[in-house]
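Here is how names work: the chains are called A, B, and so on, in the same order as the sequence lines, proteins then strands, and each is numbered from 1.
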Amino acid sequence: MDFFWNFLLSCFPDSPTFSSFMSERRKPYPFDVIEPKWQSLWDERRLFHAPNPGEPSFDPALPKYYVLDMFPYPSGTGLHVGHPEGYTATDIIARYKRLRGFNVLHPMGWDAFGLPAEQYAIRTGQHPEITTRKNIARFKTQLKRIGFSYDWEREITTTDPAYFRWTQWIFLQIYNSWCNPETRRAEPISSYTGEDPDSVRLAYVAEVPVNWCPELGTVLANEEVIDGKSEVGGFPVVRRPMRQWMLRITAFAERLIDELELLDWPAGIKLLQQNWIGKSEGAEVQFVAGGGYDIIVFTTRPDTLYGATYMVLAPENPLVDRLTTDAQRKAVADYRAQVSAKSDLERTDLAKEKTGVFIGAYATNPASNERIPIWIADYVLMGYGTGAIMGVPAHDERDLEFARAFALPILDVVQPPEGETPTGYTGEGVSINSPLIDGLPTPEAKRRIITWLAEQGLGRRTINYKLRDWLFSRQRYWGEPFPVIWRDGKHEAIPESELPLVPPPLDDFKPTGSGEPPLARARDWVRYSEEATRELNTMPQWAGSCWYYLRFCDPGNSGRFVGKEAERYWMAGAPGFWTAAAMPPDTVPAASKPALVSPEPAHVSSEPTLVSSAPGPVSSRPAPVSSEPAPASSGAALVSSGPAPVSSGPASISSGAAPFPGNLHPSPQERHPIPGDLHPFSEAAALCPRGGVDLYVGGTEHAVLHLLYARFWHKVLFDLGHLSTSEPFQRLVNQGIILGEDGRKMSKRWGNVIDPLDVIADYGADAFRCYEMFMGPLEQMKPWSMTGVEGVSRFLARVWRLVMAENQAGEWMLSPAVAEVEPTRAQQKVVHATIKKVTGDIEALSFNTAIAQMMIFVNAFTGSAIPLQAMRTLLLLLNPFAPHLTSELWETLGRRFPITPNEITSQPWPQEQAEFLIEDEVEIVLQVNGKVRDRILVPIAASNAELEAVALANDRVRAFTAGKTVRKVIIVEKKLVSVVVN
RNA sequence: GCCGAUGUGGCGAAAUGGCAGACGCAACGGACUUAAAAUCCGUUUGAGAGAAAUCUCAGUGCCGGUUCGAGUCCGGCCAUCGGCACCA
């Protein structure tokens, strides 16, 4: 045994943890020694490096799996135990997938631009780069100590010029594109034939009312304003028109909704995005106002046109100036002043009572030809629709309130179903008082009136979105500078050769207060040439996180934002890597050990076979990476297409899913028959083509913004031919937040924050990881419990002691209980039930129940002789959860019972054998009238007739059936017999 | 107000419409120990009956329904949490 300690000592001659182990109170097992040992061994051996196509160690036979965490903002406070919850889940998946023979991309990086670092710099004068570097180091230490199997060679930081060079490059791609309304796709601006390309660019400059936060000296996106205050700091925010960079995300609104359908995301998150985009179908209707001005309104209820008894314009609507009569000019001016003085908060807060002013003008209702008054009111928003509405008080709540407040006429035009009063009814019914459409049900009435309006040239069907264009500029220092200059009042892109454009050095990061960004202080930097100056704004924090998952595929590439081949491999799974020919017969080493169940299940090799034999476009078409847009490969085409355009074999036909040439994954139909490949996906989702990141785990707080922005950028890059999938994240899972022990949200304020490193110091990283997963379902919110950690730690110690025993001197050595013996039949049953349960639970991300099953295993083997093979199986199953402990025990076992190769990470994942799960006898529940009365053991082969006879003859059953008539006997195979009596 | 999620022992939780509470924590009892810790073995939803093994009844937020049988499915409420909130 001595050599064991000598070996450890030689590994860590100066390790403080080792010496502390000797002095401190005895640990349940020496995690403080073995965890650092394995962590440095993994580093040395580059064990978790995922080779890219082209690298010498790249094995084209392995299928790829891309599992991603939402990368953190490295704050000054470090991680608390809530952060690693999702990271632990993905790490288990990553390690599991590697054991199943996948080439796994599992990276980590830093979303390091952002306001807190800049705020800190303003307070302390310390450059944000310094604090950022410090914070990253702290985060990384914490993550490494937890034993995550990240490929650290792929680490990226958004503030690194080698990274943001490409963020800026992507901005230029967006700047140099427009969305062709015919194809609904992004195209190079050169394909635009109109007069003014600047009016259609996907990145454009506009004078827009923005959320100006004087305290922060910057503009904020709508999403960063919460209840009229800044999300960061909680400072007041006011509306103010400013010149800003905008990204035309609204051009993609339709696709961003439609293509959600293809994704394995939680239904709730999809709904959130849908609601955020807020699609509503309706019509634009033109009203003619006095002086010949047209007022166009948007309505989702054109069928109520006859009921429009007044109009309302948004106070900011420019038409107000032209329409207001002299008599009303003062009242209107007063009202507008009053409205603009209100912050957004006040405006919504005081929304209970409707306010407004008549502007003196009238318009004509195009249907009824009635003369109706025009008002302004702040309940009509300039930013939605046309900034004007027709007031239909009878069938719209807000209009009704307004009409009642100002005594405007109310005309019922929809007859509701019986029992409802027409006035105030907003549902569907039958049109009344509407000559053109009287008697028609609402949907038909809408169609008819739109047709009529169109014939008259007075309106048309339209769709509106709540989604606004993305306000993309910030008046900050610590962000990516725009690669743009201004010359003669016009913007221009700088040449790509000048990227990266690095922010100038500054001593003072404070906002200038005038709305001019801090970059204005760097006079020399700002002066681009004699005639041109640089753009002073910087990009928002979202920019860097919009594409980091792409950079991870090829982080060192200096010639492209991501190499084509790397992108195709990791995001789509390129066809060349999926052919059967390329697949060696036995990709996983050591698959032939007899007792360790069967070799790697066939899924690895059967997938490519199925793909290459499919006659359809899936296997034959190259990825659409050419710059020429291929409509058939767009998600839009997929969504709108009816029948599949190309026959791709029986699987696709029966599924009804259209082939998806842009996505080169095998379709789920083809994946399905693969043995051992358990599909956690829903049936509907299984019909969707797959592509992008295979599993993306993060918090719900990014449900809308980050995910929507990333999808938008991805689609632009896809349309321009730079990417091979139209969606970035195929499968998304949200982890629930972890509360403090007091049940409150973890925060400094409550003093309930727990540092992972403190937990690890007491219980070890493996216990920490297992407890994070054992707490409950991943998606659920749950409170932390230190005694819970202790329980899990006890479980791991029991595993340790199955293999190890202490000698007289208090040294751990291989336990004599471990032997090469056949497990008993009962033990075999536990072993194989555990393989089955753990495998299925990992696939379903149900880690808590997987751990529970392994606890059952350990309970069953505690106190008995330990059959070597059973033990090895347990270590493999537990390895993704507790990698250090299992690696150490595996190695120790291998010294006494050598196998080749001996690394636990080179073993095949165990496969359960059904024969060990088959029972001779089965317990049957006997019920009378649905209540359990007895349980009996019967031979598995018992027939229904036999079961019925046994049940009816059973004493306990007869006690409850005596004197009654048996009406029915229900038999559920292998489960129960239910006797129904009256 | 609208949308979504969740409600099960003292606590975290588990349960393809078929034995409610697996597994873990806490508590209690026992073994080992001079003792403690650690470890190992038990008990642990409530009420009632019994000397006891056991047995009966009730029980998954509330009310109702479907079913031989409901934590699970359906309808109606209540509570907590999250999101949206004058989006025409």
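- Note: A/Trp375 and A/Phe406 have tilted aromatic rings, judged against thresholds of 30 and 60 degrees for the angle between ring planes.
- Comparing the P positions of B/G42 and B/C23 gives an interatomic distance of 11 Å, to the nearest angstrom.
- For B/G9, the glycosidic angle deviates from 0 by 90° or less, giving a syn base.
- Of the candidate nucleotides B/C41, B/C55, B/A88, B/C55 has the atom lying nearest to any side-chain atom of A/Arg956.
- Legend: residues meeting salt bridge (Lys or Arg N to Asp or Glu O under 4.0 Å) with A/Asp294, ordered by chain and number and at least two apart, are absent.
- Listed candidates were B/C40, B/C3, B/A88. Nearest to the side chain of A/Phe298 is B/A88.
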Readout for nucleotides 12-23 of chain B: B = base within 4.0 Å of protein heavy atom, S = sugar-phosphate only, - = neither; 5' to 3' it is BSS-B-BBS-BB

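- Side-chain atoms of A/Thr849 and A/Asp841 include a donor-acceptor pair closer than 3.5 Å.
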RNA chain B in dot-bracket form (Watson-Crick or G-U pairs under 3.5 Å, [ ] crossing, | inter-strand) is (((((((..(((.....[....))).(((((.......))))).(((((....)))))..(((((..]....))))))))))))....

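- In terms of the side-chain contact (heavy atoms from CB on, under 4.5 Å) criterion, residue partners of A/Ala403 (sequence neighbours excluded) are, by chain and number, A/Tyr310, A/Pro393, A/Leu408, A/Ile410.
- Dense packing is recorded around NZ of A/Lys270, with more than 12 heavy atoms of other residues, nucleotides or ligands lying under 6.0 Å away.
- A/Asn464 and A/Ser280 form no side-chain donor-acceptor contact under 3.5 Å, judged by distance and modelled atom types alone.
- Contact check, A/Arg798 against B/C40: a side-chain N or O comes under 4.0 Å of OP1 or OP2.
- Classified by interplanar angle (parallel below 30°, tilted 30° to 60°, perpendicular above 60°), the ring pair A/Trp470/A/Tyr709 is parallel.
- Using a 4.0 Å cut-off, no side-chain N or O of A/Arg801 falls inside it from OP1 or OP2 of B/A38.
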Table of protein N/O atoms under 3.5 Å from nucleotides 29-34 of chain B N/O atoms:
none

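- Partners of A/Arg958 under the salt bridge (Lys or Arg N to Asp or Glu O under 4.0 Å) rule, at least two apart in sequence or in another chain, do not exist in this structure.
- If you check every strand for non-hydrogen atoms under 4.0 Å, A/Thr700 touches nothing.
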